[in-house]
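Please read all numbers here as calculations on a predicted model, not as lab measurements. Residue numbering restarts at 1 for every chain, and letters A, B, ... go by the order of the sequence lines.
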Amino acid sequence: MTSGPVQVTGRVLSLKRAGAYHHLTLVAEGVAERTHPGQFVALAVGDRNSPMLLRRAFSIYRARPSGAYGGSVEVVFAVHGAGTAWLSQLRQHDEVDVVGPLGHPFALPKQPVSCVLVGGGYGSAPLFGLADRLKERGCAVHMVLGAATGDRLFGALEAKRSARSVTVTTDDGSVGIEGLVTDPLPDLLGRTGSEVIYACGPMAMLRAVSAVSAEYGVWSQCAVEESMACGIGVCMTCVLPVVGDDGILRLTRSCVEGPVFGGDRVLWDAVGTVPEGTWGAPAGAGH
Amino acid sequence: MTSGPVQVTGRVLSLKRAGAYHHLTLVAEGVAERTHPGQFVALAVGDRNSPMLLRRAFSIYRARPSGAYGGSVEVVFAVHGAGTAWLSQLRQHDEVDVVGPLGHPFALPKQPVSCVLVGGGYGSAPLFGLADRLKERGCAVHMVLGAATGDRLFGALEAKRSARSVTVTTDDGSVGIEGLVTDPLPDLLGRTGSEVIYACGPMAMLRAVSAVSAEYGVWSQCAVEESMACGIGVCMTCVLPVVGDDGILRLTRSCVEGPVFGGDRVLWDAVGTVPEGTWGAPAGAGH
Amino acid sequence: MSVPGPVLPSEVDLTTSLAGVSLPNPVLTASGCAAAGRELDQFFDVADLGAVVTKSIMLDPRSGRPTPRMAETPSGMLNSIGLQGPGIDGFLASDLPWLLRRRARPVVSIAGSTLGEYAELARRLGNTPGVTAVEVNISCPNLENRGLVFACDRHQAARVISAVRRDTPRGVPVLAKLSPDVTNIVDIAESVVDAGADGLVMINTLLGISIDPETMRPVLGGVTGGLSGPAIRPVAVRCVWQVHQAMPDVPIVGVGGIRTGADALEFMLAGASAVQVGTVIFNDPSAPTRVLEELRVELAARSFKAAREAVGFAHRGDVPR
Amino acid sequence: MSVPGPVLPSEVDLTTSLAGVSLPNPVLTASGCAAAGRELDQFFDVADLGAVVTKSIMLDPRSGRPTPRMAETPSGMLNSIGLQGPGIDGFLASDLPWLLRRRARPVVSIAGSTLGEYAELARRLGNTPGVTAVEVNISCPNLENRGLVFACDRHQAARVISAVRRDTPRGVPVLAKLSPDVTNIVDIAESVVDAGADGLVMINTLLGISIDPETMRPVLGGVTGGLSGPAIRPVAVRCVWQVHQAMPDVPIVGVGGIRTGADALEFMLAGASAVQVGTVIFNDPSAPTRVLEELRVELAARSFKAAREAVGFAHRGDVPR
Ligand SMILES: Cc1cc2nc3c(=O)[nH]c(=O)nc-3n(C[C@H](O)[C@H](O)[C@H](O)COP(=O)(O)OP(=O)(O)OC[C@H]3O[C@@H](n4cnc5c(N)ncnc54)[C@H](O)[C@@H]3O)c2cc1C
Ligand SMILES: Cc1cc2nc3c(=O)[nH]c(=O)nc-3n(C[C@H](O)[C@H](O)[C@H](O)COP(=O)(O)OP(=O)(O)OC[C@H]3O[C@@H](n4cnc5c(N)ncnc54)[C@H](O)[C@@H]3O)c2cc1C
Ligand SMILES: Cc1cc2nc3c(=O)[nH]c(=O)nc-3n(C[C@H](O)[C@H](O)[C@H](O)COP(=O)(O)O)c2cc1C
Ligand SMILES: Cc1cc2nc3c(=O)[nH]c(=O)nc-3n(C[C@H](O)[C@H](O)[C@H](O)COP(=O)(O)O)c2cc1C
Ligand code: FES
Ligand code: FES
């Protein structure tokens, strides 16, 4: 498998509604063959004179190295601001400049252990490719998908095909169990004897998942979502406080050293600050 | 007929190629019923976040107060820069914000005199509506259409239906007579005994037309094309040196006091300067 | 702030006070982007705005600069009009009476080339009833001081303001309009406030140049021009923020790139009591009233019962992030 | 200029001279927008550029500011990174050798909080072979002078430049990077040139603020940030124009909002001998080489046989309009 990102002009193969989300399939040569689960693409929004200069990052949902129209990548997105609104107006054959795959993928266990995959909202998108890889290695895959409301669940049906067990939660109880996605975790970890949790979703969810994994002594891999200006490691906007292998706390680029980090490595409570002791922090700096 | 411009959300009914040009029909309520020949519309380009803030001005080619889809206006445009490139990519049903009709229309003769209508390139577009009005008043209409090359002629066929005589010139001689649109004028004025020339086209053409009308003692009405930021009279960008009815030379807004001016009123050679004697010119100012 | 709770847009109290004069709402036009209101009145009722700020008027009629006078730039434009206008006599004879007949509130912008011209303009306006406020455009070259722009020098700026203040009736606020093209905007602001400015308008355009790819010469007849539009909004908000931080009691009118009600709110949160819509009028002649209606909705969505409550809100440290 | 006539893009001589050092072409990266070149090398060969300007390096490792560190603005962005970096030792151990191995030409940008830090950085770099030029980022707060930005004071700016010049080997040009946030850019430019700057880089970002409509607080962790991108291009071109006009012999590197080859040409016509591509890299990681190829085409289309001929061309009065 070739590595490193490419920049290509993608073409819209399809754009469909999926609950509260949009499911976009782009023909984009060379991206899929390089993709590992947990990586993302950065899409330019607007035309060559676009007033929106910054690329938008989206987890890769599916990557097909070849197909009737050439290699394709799929993403699932929510309309949030002007950039995603523009994407939601794309029509078949429209062009979109794609850079990817980017970032550090999910690390896979060496042993065929049992794993729990936790997705919040569109955060479940990268978990399906991950599930396939884990199953190839003989791992048992259990999924927990949660969202605020039923229409913001993504992939609950597909999860049934993908995973040995599926638990669904919604904040409003409209679908599945009422509550947070972390609520069923302790029980599920116990029942399945899982040794790893993979998670993708909002920061607050990742922090909670990391807390649960710490408490239950399991390993966790969390894909974070920080504001990114470049996505390729040159701008330093996307940092968060992470403890490195050398034990040193640094403001670490989530686009190249993440988006996947060990849950125990991230100082979740200190995100948005420069915690005391950070490498290079001004003496006495707090926040 | 109601007067004053309106601002409405137009919808693309059709966009077709016409030689080197694009012919755009917009359903735009309330514009057509107010339109007089020689007026123009100002179209916003791009979406609500467009980096192109300034409207683009286009002469109204046809205005139909009602039709199967409601009132419509038609314009003919050349792709010049980013704004017209955006317009050329519009698809049916797309929205375009329209302000119009704007500006001072062609003045019509009180008597049923013979008239020569001169159009350069897409400048012939507003002449067809004018021809209809003139014929309603019993005027004989003769048209002279010119362009650099054959594909930049607009409406030569339609002119045959509209006018008593049609003369076509191209700089390269690919269609009609080789030469400038002003070349056949002296002969035509003599043959037809015309008392008025109406003209729309590039500044250099209008200057030449004005010179011919001065020489032959006929009245001329020229529709100018100056860079316009607002099109409605509030910004003062679109001025050119014009002598008023009071004999005073002023830098005059071409969007509201034009785009149609008597050819003898415009100081064609001084466009782009502040000529000595202009009202409010700094003492001793030349250029 | 108001007790959080649902507020209907129609319930929001939009009245604002501009250095002592009360206005029905905080949305104004920007000088030079609305002429004297007449043309915009075709698109909305100019009396619906907080006030109409007129194109800067000089003592004598002015032809302005040669064309081209504009260049479009990314999310902005350059202009070099050169203050074309009828002079104060023409203005008082025609534009001001029209605004008053329409029951609009006129804020008259004045500009001069010498200290004496500003003073004379103030005297002429001082004798004229119906002027809601005087806005002093000091981004003009001072012909008595090597053509240096008044607004770029704290002393020159202050001299103009104190001359205008002296000859303007007590009840009519004098607003100083500042240029962002300075090293220290707070310094200039303090200086004009000390000289008697009742409020500040920020910002005028930034100095820019655009070169024509075809002629390979500057596009503008005047070579340099003023940059305006959404492109400059972050600079304008920064100026308002800094000055409000330094002088929280001085009324500020925010201007620079306002396109939506959310943009207007941004200026108010940074410290502006009122805002002006400028360049975006060229894009959308209905923008001033559209912005006003959008602002109303934005305020209600944040449970502000009154526009006044939003002024400077972003400075309050106790707001949870 | 060259005799007008058809010139093929491939025939255009792109070599340029940067204050005595010759470069294969005039397109560089902008400091802080290309890290130290490694990441961009995935998209194009960094040795194809005129030079790679590194992120400003400080004496010690720096964590930088808290997040959020960016806000998108119309045709631009605000950033408040706070010069996060490994410090000079880390840079010399890893980044510089990598650039030299790749046969790229490194222009090392340095930044300090005190005069002494700048001098020390210059000494450390002076002992290191392979540095094409030193770019001095003086848009930093001076901790010894109430945090006032060096670049905003002619004397402080000059002191930094003369300290750096003193400790930099003769053959290595020292380029002063100026801030546009000053009343008189020509004044600052003259001051740093007198102090020994071999060339000027213009412009750094403009100070801006953006307020988050949801939290109603400034978006950036650092409150203020630097505005960059096409939005500021007219201001950058104006600075280049003014300084070239005042000092036609001083080499200028133009930077600020370059998106296309036509934009790069605009800077050269205004007086820049070389240009830098910054923020637009975030939009298009291939932008530096794309701009270079587009520039070649633009030059050929105007019958320039050499990029050098375009430098300052817009100032020549004899060009017909
Ligand atoms: C690694 C990664 C993976 C992501 N995967 C997905 C996904 O699969 N599906 C999905 O819907 N969204 C995903 N996001 C979030 C997505 O990037 C934002 O929703 C999107 O950028 C918002 O753009 P906008 O123009 O609509 O919003 P605006 O608010 O207008 O954007 C303004 C700027 O802020 C940035 N921004 C705003 N919100 C976010 C955010 N939540 N995260 C990062 N940057 C943001 C934008 O990139 C842009 O630069 C991901 C983000 C990251 C960093
Ligand atoms: C009264 C009037 C009637 C016009 N009628 C027509 C018409 O019927 N068909 C047609 O094709 N064109 C017409 N034009 C010209 C048309 O407005 C320009 O071609 C168009 O604005 C170019 O926009 P752009 O974005 O493609 O070019 P850009 O060069 O990117 O435009 C940049 C800015 O310059 C202005 N500008 C550029 N060229 C012109 C120009 N020639 N005249 C005025 N402003 C210009 C634009 O409006 C814009 O603000 C008319 C202009 C005026 C003033
Ligand atoms: C075409 C034009 C003309 C202007 N004329 C004036 C003027 O006469 N007096 C003045 O104080 N400001 C003038 N300005 C500046 C605006 O009032 C405003 O301060 C600036 O454009 C920033 O706001 P905006 O981005 O909303 O336009 C003018 C701006 C433009 C675009
Ligand atoms: C994210 C970011 C980081 C930057 N870091 C630096 C820096 O470290 N040193 C410096 O001199 N300029 C820095 N700049 C300024 C750029 O080098 C450049 O001067 C400015 O952004 C204008 O150019 P642009 O519009 O092409 O980006 C930075 C700009 C951005 C956007
Ligand atoms: S997004 Fe630019 S370094 Fe991570
Ligand atoms: S285009 Fe604005 S006044 Fe004519």
Rounded to the nearest 0.5 Å, what separates atom [atom1] in [X] from atom [atom2] in [Y]?
X	Y	atom1	atom2	result
D:Arg65	A:Met236	CZ	CE	13.5 Å
D:Leu78	A:Thr237	CG	OG1	12.5 Å
A:Cys238	D:Met70	SG	CE	9.5 Å

At their closest point, which heavy atom of [X] faces which heavy atom of [Y], and how far apart are they?
X	Y	result
A:Ala281	D:Ser63	CA-OG, 3.3 Å
D:Gly64	A:Leu251	O-CD1, 4.4 Å
A:Cys230	D:Phe282	CB-CD2, 3.6 Å
A:Leu53	D:Gly229	CD1-CA, 4.1 Å
D:Gly85	A:Trp279	O-CZ3, 4.1 Å
D:Ala35	A:Gly233	CB-O, 4.2 Å

Chain A contact residues among residues 39-48 of chain D, heavy-atom distance under 4.5 Å: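 Only D:Glu39, D:Leu40, D:Gln42, D:Phe43 of residues 39-48 of chain D have a heavy atom under 4.5 Å from chain A.
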Under 4.5 Å from a heavy atom of chain D, the part of A:Val239 involved: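 Both the backbone and the side chain of A:Val239 come within 4.5 Å of chain D.
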Partner residues of A:Arg56 under the side-chain contact (heavy atoms from CB on, under 4.5 Å) criterion, sequence neighbours left out: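 Expected list: A:Val45, A:Met52, A:Leu54, A:Phe58, D:Glu72.
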A:Arg152 atom CZ, over 12 foreign heavy atoms within 6.0 Å: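 Not buried by this count: 12 neighbours or fewer within 6.0 Å.
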Leading residue by heavy atom contact count with chain D [cutoff under 4.5 Å; candidates A:Gly231, A:Pro241, A:Ser50, A:Ala44]: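 The candidate making the most pairs under 4.5 Å is A:Ser50.
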Residue, of A:Val99, A:Val6, A:Ile232, that accumulates the most heavy atom pairs under 4.5 Å with chain D: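 Looking at each option in turn, the highest pair count goes to A:Ile232.
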Part of D:Ser286 within contact of chain A (heavy atom distance under 4.5 Å):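 For D:Ser286, heavy atoms of backbone and side chain both lie under 4.5 Å from chain A.
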Contact winner vs chain A - D:Gly76, D:Pro285, D:Ser80, D:Ala34, heavy-atom pairs under 4.5 Å: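 Max contact count across the listed options: D:Pro285.
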Heavy-atom pairs under 4.5 Å with chain A, option from D:Gln84, D:Met77, D:Arg38, D:Arg62 with the top count: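 Top option by heavy-atom pairs under 4.5 Å: D:Gln84.
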